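Written out below as structure tokens is the structure these notes cover.
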Amino acid sequence: MTPPPVRPLTILLVEDNPGDARLIQLMLDEVAGLRVQLVRAERLATGLAFVAVQPFDAALLDLSLPDSHGLATFTRFQQAAPGLPIVVLSGLADEQVALHAVAAGAQDYLVKGQVDSTLLGRALGYAIERKRADEERRQLLAREEAAHAATERLAAERAAVLGQIADGVLIADPAGQITFVNGAAQRLYGMAGVELQAGQPFGMHDLLTTAGTPYPLAELPIARALASGETISDAEWCLRRANGAIITIQGSATPVYADGGLLLGAVLTFRDVTARRDLARQREDFFANASHDLRTPLAAIKASTGVILANEPPGMPPALHRMLTNIEAAAGEMSRLVDDLLELARLEAQKTAFHPLVNDLRALAGRVTRAIEPLVLERGQHLTLNVPAAPVLAAIDTPLIERALLNLLGNAQKYGRDGGSIRLDLSAQRDEAIFSVADDGPGISTEDQERIFERFYRPSGTSARAVVGSGLGLPIVRTTAERHGGRAWIESTPGVGSIFRLALPLAPPHSPCDDALTPLQGASV
Ligand code: ADP
């Protein structure tokens, strides 16, 4: 295949001397492998007119022309054709001027009378190549500058947007150095912008656990997000402000990755929840105190009515007897409610005695099933228990978990339908033991599911309202699960039934707790 024909170079020669012009034409014709189309201008003005209307590959420019002399010739020509490679032609006398022209941007200069065709061809070739390289460099630089400007604009936008956010925002690079702090973060730290600055390691600031102990550096939320890539959501920490005051903050730490998966850093967002925490604590204290104070008079009412009923004088009017029985029943109901309140308050305040020991949960499942059986039979319901063949070991506080499971089974029995089915399943999934209590009762609407674990929450307008209850059973279940490092949740379809699940961390295979393994009661469930 023949190669495509090489396009001839179009060269503008600005030269008033016809002899020199002819010589240059002859020399160009002799350059091997070079095809040149030469356009000649005798005056600078003509040359300027040519470059204004026609593209050229390069120009050969004599500095001494009838209408211009010296460096001014080059300057004016270059202004008119800034992108055109120019090789200056000079006489021996104005070689200094030619050098100035090169300093001002000419690609090269040739001294007339000292030029041959090889030199001329090479000078033109280099000039065109150099100009092309210059142009590429210029474009690259322009692109770099544009990218830099865009980055700066983005950073300014980010600072402006994050600055408006009410939450504190801290951004750290992969090495854990702070690269951005917004105004809210500075205010929460109680620092006037100088001390808490970008460029500092995150660990130097006083983040404490909610128990008030300092975090080891590697366990700071930002460090964890960077080291393991985990996202820490809605955690609570304490923060020692610059003035020494300690506030409770709630926040999240998230690693940030580029599109290709490269770790760019981590972001910590946080807000002051001290007032909310204090309020919650006051509420917990109030419930705990009120429940505690109610216990004694209630016990007195129960004991007194019990004594009266046990020693009922002959001929007691039936109406009076009924009233006394009602008082005894109501006092019993009230003391259960007070017990629940107190238990929940203690659990939430982490004051309940907590003695986790490794147990086979199958045995516990068997016990609670047997305990609820009489109530289930009363409503003609059918209760089944499914446990795996292998032991399911978890470190639990047995009375707490039994109570939580009885709450779930009791609800299935109370709110399930007459003659319905109730199932208690136990399974080991990954690192969790999961109890599932399923019924085929009325189910719970999606909105109610979101609030069902809230204290005192009882869905309105359902038949469930007719059942006596306090709205404390499920909060106790969830708090108990969380106390064990587990979780509790609901899956329900209205009209079909509900499944409540209680998940607990499985004991590690050779846990040191194994030494304390409690005797398995009724392991053959
Ligand atoms: P309580 O049973 O004392 O009202 P809980 O916290 O145990 O308190 O339950 C809260 C509410 O959730 C109940 O009042 C009931 O309306 C609903 N609920 C709980 N379990 C079930 C269930 N298995 N089926 C339908 N509704 C349920």
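Both ligands and their constituent atoms are indexed starting at 1 by order of listing. Bear in mind the structure is a predicted one, so any value in this text is a computation, not a measurement.
Annotation: Tyr457 places no N or O atom under 3.5 Å from an N or O atom of ligand 1; distance criterion only. Of the N or O atoms in Gly473, one or more lie within a sub-3.5 Å distance of an N or O in ligand 1. Checked by distance only, ligand 1 and Phe500 stay at 3.5 Å or farther apart across all their nitrogen or oxygen atoms.
Counting the atoms of ligand 1 from 1 in the order shown, those under 4.0 Å from a heavy atom of Ser470 are 1 (P), 3 (O), 4 (O). In the vicinity of Arg458, heavy-atom distances shorter than 4.0 Å reach the ligand 1 atoms 4 (O), 14 (O). For ligand 1, the atoms lying closer than 4.0 Å to a non-hydrogen atom of Pro475 are 6 (O). For ligand 1 and Leu472, the ligand atoms under 4.0 Å from any heavy atom of the residue are 6 (O), 8 (O).
Using a 4.0 Å cut-off between charged side-chain N and carboxylate O, Arg451 and Glu454 make a salt bridge. Remark: Asp278 engages Arg281 in a salt bridge, criterion side-chain N to carboxylate O under 4.0 Å. Salt bridge Arg295/Asp339: present, at least one basic N to carboxylate O contact under 4.0 Å. With respect to the salt-bridge test (charged N to carboxylate O, under 4.0 angstrom), the residues Lys131 and Asp134 do not qualify. The residues Asp272 and Arg277 are annotated as not salt-bridged, no charged nitrogen and carboxylate oxygen being separated by less than 4.0 angstrom.
Contacts between Ile444 and ligand 1, counted as non-hydrogen atom pairs separated by less than 4.0 Å, involve the side chain only. Residue-level proximity to ligand 1 for Asp439 is carried by the side chain, the only part with a heavy atom below 4.0 angstrom.
Residue Pro459 holds the heavy atom nearest to atom 16 (O) of ligand 1 of all those in Gly416, Gly471, Pro459, Gly443. Nearest-heavy-atom check against atom 19 (C) of ligand 1 across Ile476, Asn411, Ile490 picks out Asn411.
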The test is side chain to side chain donor-acceptor pair (under 3.5 Å); show your working for Ser436 and Arg501 and say whether it passes. CA-CA 4 Å; Ser436 305; Arg501 299 199 200 271; 2.6 Å; yes
Should Leu383 and Thr369 be marked as a side chain to side chain contact (heavy atoms under 4.5 Å, CB included) after you check the CA-CA gap, both sets of side-chain angles, and the distance that decides it? CA-CA 8 Å; Leu383 175 63; Thr369 312; 3.4 Å; yes
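A donor-acceptor contact shorter than 3.5 Å links the side chain of Gln381 to the backbone of Gln413.
The closest approach between any non-hydrogen atom of Ser498 and ligand 1 is below 4.0 Å. In this structure, Phe453 falls outside the shell of residues with a heavy atom less than 4.0 angstrom from ligand 1.
Crowding of Phe286 atom CZ: a count of heavy atoms from other residues, nucleotides or ligands under 6.0 Å not exceeding 12.
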